[in-house]
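Worksheet: one structure, shown below.
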Amino acid sequence: TWVGNQIPQLGLSPLGRASLDLIAVYAEYGEYEKAKAMLSQWNARFEEWAVPQRAEFARKFVEVLLRLGNYHDAERCLKRLFSERNRMKQDVRDIFYLNRLGTIYKRSGQYKELSYLFRNEVAIPGRNGNPKLSSSEVALVNELGKFQQELGMYASALRSFEGARDGQQSQVGAEHPAVAVAIANLGQLAQQQGDYAEAERLFKQASLYVEKRLGSDHPEAATHLLNLGKLYSQWGKTELDKYERARVLYEQALRLRERRLLPGHLSIWEIQIELTRLLLQMGKFSDAESLIRQAVHDQQVSHGPDQANLGI
């Protein structure tokens with residue numbers, strides 16, 4: 001467990017972020033006591049931080065709380081952030097926080113609050129009769145689509161993602177890497193609805209756009225390999241051969257990031273976490289344990305073994 005004075009006081013260090021990812025893995029695989037023990041250390045320090053640090057921390061903190069089913073503390077955290085900010089405008093961060101607040105209301109059955117939240121708090125670009133989006137609005141509409149997707153408003157989410165894709169294409173061209181973000185979002189929407197074949201097509205299209213402009217060895221290419229890997233990991237629950245395809249993609253993405261990034265980088269850690277989950281699904285427990293121990297070792301070497309104990 002964490003030693004009290006080892007938790008960052010004024011922000012979230014790279015090792016701190018990694019520790020929250022580890023809590024999420026504990027929670028996902030039923031190690032609830034370990035997850036809660038580590039999380040209680042963070043929760044105790046949350047109120048001490050200045051507003052910008054709380055905002056920086058909130059994303060991962062809320063994700064972990066939701067995974068643990070701790071909706072009360074997650075809602076408290078989000079509402080506290082809203083009260084400390086100006087009234088919500090067209091801001092990507094606000095849509096992200098609204099997305100997570102909507103998740104809480106949906107999962108806890110608070111449909112009245114959910115409906116009110118969407119009708120009254122979300123400013124949607126394009127409603128003023130001008131469908132053309134600025135660069136900043138493209139990012140907002142992408143995040144709005146995620147919010148709608150979380151609410152189960154799949155048709156609305158589809159329109160948002162398609163609008164973001166078309167808006168981005170009108171600015172930078174049809175096959176620009178920036179367009180790949182909205183295409184990948186469309187792929188995730190298709191995946192959530194169980195249309196794995198369409199999701200596969202979209203993820204491959206997004207990957208192709210990145211590889212054409214940036215090269216197949218660019219770190220950004222690893223993001224789209226990771227998306228495909230997550231798809232095959234889920235698909236593998238009904239078609240077991242997809243697990244091995246997911247493993248190949250995760251390992252390819254990991255090599256790409258390790259080639260360009262320093263050991264212990266959080267983008268490397270992200271893939272190590274996903275690959276660990278996959279190995280557990282495949283029943284390869286020894287491989288999973290070896291991988292996560294190596295990942296934690298890299299974090300400790302990179303950020304200092306005396307900064308924190310990741311709980312392993």
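Just so it is clear, the values below take in all heavy atoms, side chains as well, and ignore hydrogens, waters and symmetry mates. Quick caveat: nothing in here was measured; it's all calculated off a predicted structure.
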Open item on the list: Just so I know, are the side chains of Tyr71 and Glu75 near enough to count as touching, which here means a heavy-atom distance under 4.5 Å?
Closed with: no

TODO: Could you check if a side-chain atom of Val181 sits within less than 4.5 angstrom of a side-chain atom of Asn142, using non-hydrogen atoms only?
DONE: yes

TODO: Determine whether Ile271 and Glu274 make a side-chain contact, defined as any pair of heavy atoms from C-beta on separated by less than 4.5 Å.
DONE: no

TODO: With the side chain counted from C-beta on, respond yes when Lys237 and Gln281 share a heavy-atom pair under 4.5 Å apart, and no when they do not.
DONE: yes

Task: Backbone of Leu249 reached by a side-chain donor or acceptor of Tyr232 within 3.5 Å - done: no

Open item on the list: Quiz question: by atom type and distance under 3.5 Å, do the side chains of Arg165 and Ser170 form a donor-acceptor pair?
Closed with: no

Task: Spacing of CG belonging to Leu275 relative to CE belonging to Met282, to within rounding of 0.5 Å - done: 9.0 Å

Open item on the list: In the structure I gave you, are the side-chain heavy atoms of Gln234 and Tyr196 within less than 4.5 Å of one another anywhere?
Closed with: yes

Open item on the list: Side-chain heavy atoms nearer than 4.5 Å, only ILVMFWY residues, links allowed to pass through others: does that put Leu225 and Leu231 together?
Closed with: yes

Task: Ile292 and Ile273: CA distance, side-chain angles, deciding distance, side chain to side chain contact (heavy atoms under 4.5 Å, CB included) verdict - done: CA-CA 7 Å; Ile292 195 61; Ile273 288 290; 3.9 Å; yes

Open item on the list: Show, in sequence, the C-alpha distance, side-chain angles and deciding distance for Gln294 and Asp298, and conclude whether the side-chain hydrogen bond (donor to acceptor under 3.5 Å, both in side chains) test is met.
Closed with: CA-CA 6 Å; Gln294 181 61 50; Asp298 291 344; 2.9 Å; yes

- [ ] For the pair Ser160 (side chain) and Ser156 (backbone), establish whether a donor and an acceptor sit closer than 3.5 Å, ignoring hydrogens and angles.
- [x] yes

- [ ] Please report the closest heavy-atom contact between Ala206 and Ala184, naming both atoms and the distance.
- [x] CB-N, 4.3 Å

Open item on the list: Please determine whether a side-chain nitrogen of the Lys or Arg among Glu258 and Arg255 lies less than 4.0 Å from a carboxylate oxygen of the Asp or Glu.
Closed with: no

Task: Minimum heavy-atom distance Gly229-Ala246, with the two atoms named - done: O-CB, 3.4 Å

Open item on the list: With a 4.5 Å cut-off on side-chain heavy atoms, are Lys230 and Tyr250 touching?
Closed with: yes

- [ ] Give a yes or no answer on whether the side chain of Ser207 reaches the backbone of Phe203 with a donor-acceptor pair at less than 3.5 Å.
- [x] no

TODO: Assess whether side chain to side chain contact (heavy atoms under 4.5 Å, CB included) is satisfied between Leu208 and Gln205, documenting all intermediate values.
DONE: CA-CA 5 Å; Leu208 180 63; Gln205 183 181 3; 5.6 Å; no

Task: Basic-acidic side-chain contact under 4.0 Å: Glu175, Arg213 - done: no

Task: Distance (rounded to the nearest 0.5 Å) between Leu226 CG and Leu256 CG - done: 11.0 Å

Open item on the list: Is there a path of hydrophobic side-chain contacts, each under 4.5 Å between heavy atoms, that joins Leu202 and Val179?
Closed with: yes

Task: Test salt bridge (Lys or Arg N to Asp or Glu O under 4.0 Å) applied to Arg201 and Glu198, step by step - done: CA-CA 5 Å; Arg201 183 188 72 79; Glu198 175 65 3; 2.8 Å; yes

- [ ] Report the C-alpha separation of Leu228 and Gln252 in whole Å, then their side-chain angles, then the decisive distance to 0.1 Å, and conclude whether the side chain to side chain contact (heavy atoms under 4.5 Å, CB included) test is met.
- [x] CA-CA 11 Å; Leu228 265 173; Gln252 184 180 351; over 6 Å; no

Task: Nearest heavy atoms of Gln192 and Tyr154, plus distance in Å - done: NE2-OH, 3.2 Å

Task: Rounded distance (nearest 0.5 Å) linking atom CD of Gln272 with atom OG1 of Thr276 - done: 7.0 Å

Task: For Val172 against His176, the heavy-atom pair lying closest together - done: CG2-CB, 3.4 Å

Task: Gap between atom CG of Asn227 and atom CD1 of Ile183 - 0.5 Å precision - done: 12.0 Å

- [ ] Say whether Leu240 and Leu279 are linked into one hydrophobic cluster, either directly or through other cluster members, by side-chain heavy-atom distances under 4.5 angstrom.
- [x] yes

Task: Closest approach of Ala190 to Ala199 (non-hydrogen atoms, all atoms of both residues) - done: CB-N, 3.8 Å

- [ ] Please determine if Glu200 and Arg245 form a salt bridge, counting it only when a charged side-chain N lies under 4.0 Å from a carboxylate O.
- [x] yes

Task: Which atom of Leu214 lies closest to which atom of Pro177, heavy atoms considered - done: CG-CG, 4.1 Å

Task: Spacing of Gln148 atom CD and Leu189 atom CG [to the nearest 0.5 Å] - done: 10.0 Å

Task: Side chains of Lys146 and Phe161 in contact at under 4.5 Å (non-hydrogen atoms) - done: yes

Task: Side chains of Gln193 and Leu158 in contact at under 4.5 Å (non-hydrogen atoms) - done: no

Task: Between Ser216 and Glu211, a side-chain donor and acceptor under 3.5 Å - done: no

Task: Interatomic spacing from NZ in Lys242 to CD in Glu244 - rounded to 0.5 Å - done: 12.5 Å

Task: Short N-O contact, Arg159 and Glu162, less than 4.0 angstrom - done: no

